[in-house]
> 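Sharing a structure, written as structure tokens. Questions coming.
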Amino acid sequence: MFKYAVFLLLLCTFYVQAELNEEGFESLRLQIREQYTVDPKVALQLTEQALNTSRLSADQKIKILNYKAWFQMELNQFSAAMRTTNEIKRLISGAQDKSLIYAYYNLSGGVYSKLGLYELALVQYKDALIVAEQRGDDMVYQTKSNIADVYFLLGQYDVALDYYNEYLHFLNSNKDELSLSLLYNNIAKVYIAKSEYDNATKFIDKAQQIQKSSKSDYHLAYSSQFRGKVALARGQLGAASAYFRKAIMTFQRLGNIREVNDVKLDLITLDIKQGDISEAKKLAEEVLDSTVQTNSKNKQASALSVLAKIAELQGDSKYALALTQELSRVERDIYAQQRNITLSRASYELEMVEKELEIESLKRVHAVHAAEASAQQKWLLSIIIFMLIYAISTIVVIQIIRRRNGKLRTTLKELTNTQEMLVEAEKMSSLAGLVSGMAHHLNTPIGLVITANSSLNGSLRDVQDKFEQKTLSPSQLNHFIGDALVASDIVDRSANRLNATVERFKAINTSIGSAELKTIELSDFLNLHIREMLIRTAPNAKLMLDNDSLEVQTYPNILLEVLKEFMHNSVQHGFIDNHIEDQPLITIRVNEYDDAWQLSYKDNGRGLPDHNTEQVFNPFFSTNLAAQLGLGLTIVFNSVSHVLQGSIKAYSDDKGVEFLLTLPKQLKNGRRKAVKN
């Protein structure tokens, strides 16, 4: 027994001696911070190496985790940063300095702010402010500065200014020159947003006076950027360009890529105002390439938005549509990232509640055991004490559960609000795609009508002048009549094209119309109609029809229109460019299930480029957008989903395209109105 006691004592001594002392830990912190100025990725690896050792106390681990989370945010690793933040909260219970919980709230606010969840960030920073009041004025006013930053991003400029002024009063009394210059720039930023440019210029002057004396090029570059914003707002475009380019050169020299992109976005706005579209496009493409490499989704979205605007200015509607679709994808990634972070935080909070309840349960069990152990001596007194302890602990648990339930309800409300934001963003993205697609197809015929009309008006005025001057010859009149007929023909064909395009677009909103709901024998129906339809639609194609006897309830006319659209799609997109070595082949198969049936339509055409089946039912998606409107399969999708009450999927490979319809044998509620898009 003595040997085991000595062994445990030696083991404990080893761990105590192995723990890093304050001098060694301070050296480690300096090494991490110095490495951060060179390369944040290497600094992050250094924090992970330090955490993998067993030489750190709980307080020291929390401080290293604080660095790790900031580096992860700097590298746009927000999910990882939130996990690191949760690890800090887990370690707080074993820390000597409980005020280190400040790091948890401050980091959480930073993650939410970076992701654009400003309301959640504000809650975390205000919790951090409560803890900061225990740690000293420096921490209090720095936290207030963070709160001011969030209010600025929320557009509450006066509130932000109040917090900045509190911080300003503190810094003036402590003579922290460099922090003071940075605060001057922040105050100038608020005045620029409020369009109070004289006040903004006054604070920029103060900031630059400090920055020049301290030779702080990084902060001077920020001041140059703000001067450029003021000059741009005042219409001093030449001066604004000089300030922006000076800021870009400094940030590039210092290796601050994120700041370079911010200033370039300002410079793009200036170039567009000056009409230098090509330079604006070049800068926007540079920002896009840089943000893609650094995985900075918000700036990537800004660059795509600017490029789409430039494409519209240049009249390249097809490129603008592609950029808008890419912007929609990036915005969905941003919203997904926000949702994942929020869900991760809620899951962690729920896990903490469960652990606390488990601890409370263990405490009650321990109290029961203690009461039973003392029952031999004072049985009656022990029972009374136990009941009292049990009642108090139950009340405490109930109060804890109520508090946690309140937090969970708040979290659920936040999740619901986020979900509503995502739905609205998806609606706006779909609307933008429809508007851009319609503009693309309407621009050409409208332009032809305007051109033909302008030409006809010019010729008409010329004939009128010659007629009034009595110099109009028969040949000139005959030439005018020929031009007028050509212009009239152009206007007529363009108007018909516009009418067809609008009618096709209106067809997206699928309606039953005069279609009659019938119960049909499917085999006879397909054999009767499909071959005749094939002769009219795809006379060169061979048909393979494989179906069993099956009785279903459906809208036969709508079903035929869907199959007709599939055949048109095969002819217009599949059986072209001499892709088919053998004879074009269309295969239709029908399978029966319990309450449903499936129809497979497959051709042996060239398939979809890159086998892109995810967007094939989207409006204006076409492999030949110049010649086709791209609405056929959208109408098919609406017909199958909203009228035939089924589902449709598309599959593609090098051997062709297959459309698989799953439909009910009996339609619900008889006729069913179309769902408006």
Side-chain angles (χ1 to χ4, degrees), residues 73 78 102 105-133 137 139-172 179-204 206-207 222-223 225-226 228-230 232-234 258-259 262 265-266 269 297-299 301-302 305 331 334-335 337-338 341-342 345 410-411 413-422 424-425 428:
M73 278 194 285
F78 300 112
Y102 174 86
Y105 294 122
N106 193 48
L107 288 167
S108 299
V111 172
Y112 286 138
S113 182
K114 291 275 188 180
L115 290 173
L117 300 169
Y118 302 124
E119 298 290 349
L120 295 178
L122 204 56
V123 172
Q124 298 301 316
Y125 280 139
K126 288 188 175 181
D127 286 342
L129 183 61
I130 296 172
V131 181
E133 290 171 352
D137 287 342
M139 201 72 74
V140 168
Y141 288 101
Q142 181 57 56
T143 307
K144 287 186 176 181
S145 179
N146 293 338
I147 293 173
D149 291 341
V150 177
Y151 275 122
F152 173 80
L153 293 170
L154 286 169
Q156 300 183 33
Y157 302 126
D158 290 330
V159 179
L161 203 56
D162 290 340
Y163 276 96
Y164 280 139
N165 283 328
E166 287 186 40
Y167 191 30
L168 178 61
H169 178 74
F170 170 76
L171 290 179
N172 281 329
S179 297
L180 193 61
S181 73
L182 181 60
L183 179 58
Y184 284 149
N185 277 338
N186 284 334
I187 294 174
K189 176 176 65 178
V190 177
Y191 281 123
I192 291 171
K194 294 179 68 176
S195 301
E196 296 180 17
Y197 303 119
D198 290 336
N199 286 332
T201 303
K202 179 178 69 175
F203 280 97
I204 294 171
K206 290 182 177 181
Y222 265 119
S223 296
Q225 181 185 5
F226 291 139
K229 287 177 180 287
V230 172
L232 178 61
R234 287 175 167 172
R258 181 178 58 193
E259 288 79 3
D262 287 341
L265 289 171
D266 290 332
T269 303
K297 295 292 184 182
N298 289 327
K299 295 301 177 186
S302 299
S305 177
E331 288 176 341
I334 293 172
Y335 295 137
Q337 198 174 44
Q338 292 175 341
I341 288 294
T342 308
R345 184 60 173 269
T410 302
T411 302
K413 184 178 180 181
E414 293 170 355
L415 288 173
T416 303
N417 293 336
T418 303
Q419 186 179 31
E420 291 174 355
M421 290 169 60
L422 290 173
E424 290 302 319
M428 292 303 296

> Could you grab the distance from atom NZ of K206 to atom CG of N185, nearest 0.5 Å is fine?
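These two atoms lie 12.5 Å from each other.
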> Compare every heavy atom of Y102 with every heavy atom of A132, then report the nearest pair and how far apart it is.
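Minimum heavy-atom separation between A132 and Y102: CB-CE1, 3.7 Å.
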> If you round to the nearest 0.5 Å, how far is CD of E166 from CG of D162?
7.5 Å
> Would you confirm whether D266, through its side chain, and F226, through its main-chain N or O, come within 3.5 Å as a donor-acceptor pair?
no
> Look at R234 together with D198 and state whether they make a salt bridge at an N to O cut-off of under 4.0 Å.
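Yes, this pair counts.
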> Write down the atom of A207, the atom of S223, and the distance for their closest heavy-atom approach.
CB-OG, 4.0 Å
> So, do Y125 and Y105 have ring centers that fall under 6.0 Å from each other?
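Ring centres of Y105 and Y125 not closer than 6.0 Å.
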> Given side chains that start at C-beta, do those of K189 and Y164 come closer than 4.5 Å, heavy atoms only?
yes
> With under 30° as parallel and over 60° as perpendicular, where do the rings of Y141 and F170 fit, or are they tilted in between?
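If you compare the ring of Y141 with that of F170, the planes turn out parallel.
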> Quick one: does D149's side chain get under 4.5 Å of Y163's, heavy atoms only?
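Contact flag for D149/Y163 side chains = no.
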> Test ring pair (Phe, Tyr, Trp, His ring centres under 6.0 Å) on Y112 and Y118; report intermediate values, then the result.
CA-CA 6 Å; Y112 286 138; Y118 302 124; over 10 Å; no
> Would a 4.5 Å heavy-atom cut-off, applied to side chains only, mark E119 and L154 as touching?
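Yes. Closest side-chain heavy atoms under 4.5 Å.
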> Rounded to the nearest 0.5 Å, how far apart are CG of L161 and CG of N186?
11.0 Å
> Consider only side-chain N and O atoms of T143 and N106, and report whether a donor and an acceptor are under 3.5 Å apart.
no
> Check whether NZ of the Lys or CZ of the Arg K114 lies under 6.0 Å from the centre of the six-membered ring of F78 and within 45 degrees of that ring's axis.
no
> Taking the side chain from T201 and the backbone from Y197, do they hold a donor-acceptor pair closer than 3.5 Å?
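Indeed, once roles are kept as given, a pair shorter than 3.5 Å links the two residues.
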> Any side-chain heavy atom of L265 within less than 4.5 Å of one from K299?
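Touching, per the 4.5 Å side-chain cut-off.
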> For residues Q124 and S108, report the shortest heavy-atom separation together with the two atoms involved.
OE1-CB, 3.6 Å
> So which atom in K126 and which in Y151 form the shortest heavy-atom distance, rounded to 0.1 Å?
NZ-OH, 3.0 Å
> Identify the two heavy atoms, one from G109 and one from A121, that lie closest to each other, and give their separation to 0.1 Å.
O-CB, 3.4 Å
> I'd like to check L168 versus Y184 (side-chain heavy atoms, cut-off strictly below 4.5 Å). Are they in contact?
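Of all side-chain heavy-atom pairs linking Y184 with L168, at least one is under 4.5 Å.
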> Indicate yes or no: at least one non-hydrogen side-chain atom of L117 is less than 4.5 angstrom from one of V111.
no
> About how many Å separate CD1 of I187 and CG of N199, when rounded to the nearest 0.5 Å?
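So the gap between those two atoms works out to 10.5 Å.
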> Would you compute the distance between atom CE of M73 and atom CG of L115 and round it to the nearest 0.5 angstrom?
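Between atom CE of M73 and atom CG of L115 there are 10.0 Å.
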